[in-house]
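Below is one structure, written out as structure tokens; the observations come after it.
If you read the sequence from its start, that first residue is 1, and numbering goes on from there. The figures here come from the full heavy-atom set of this structure, side chains too, leaving out hydrogens, waters and symmetry mates. Bear in mind that the values here come from a model prediction, so they are computed numbers and not experimental data.
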Amino acid sequence: METLLLFMDIHQLKTQGFSIAAIAKKLEISRNTVYKYLEMTFEEANDWVFYL
């Protein structure tokens, strides 16, 4: 479930105008992870979480 929260946090911060680097630093994750989550739809993230 943490993955969906991270997904939502990343998308919310991007909507608020944060840069990729700022999101990564704020959430203490890599920029590649930020890009990966921004490319996903909510449905894809949801499916990914429940099929792990």
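- Between atom CZ of residue Arg31 and atom CG of residue Leu38 there is a gap of 13.0 Å, rounded to the nearest 0.5 Å.
- Side chain of Glu39 to main chain of Lys36: no donor-acceptor pair is present (N/O by atom type, distance under 3.5 Å, no hydrogens or angles).
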List the atom pairs, donor and acceptor, that lie under 3.5 Å between side-chain atoms in residues 8-26 and the rest of the protein, sequence neighbours left out.
{"residue": "His11", "atom": "NE2", "partner": "Tyr37", "partner atom": "O", "Å": "3.0"}
{"residue": "Thr15", "atom": "OG1", "partner": "His11", "partner atom": "O", "Å": "2.8"}
{"residue": "Ser19", "atom": "OG", "partner": "Ala22", "partner atom": "N", "Å": "3.0"}

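- For the atom pair CG (Leu6) and CD1 (Ile29), the distance works out to 4.5 Å, reported to the nearest 0.5 Å.
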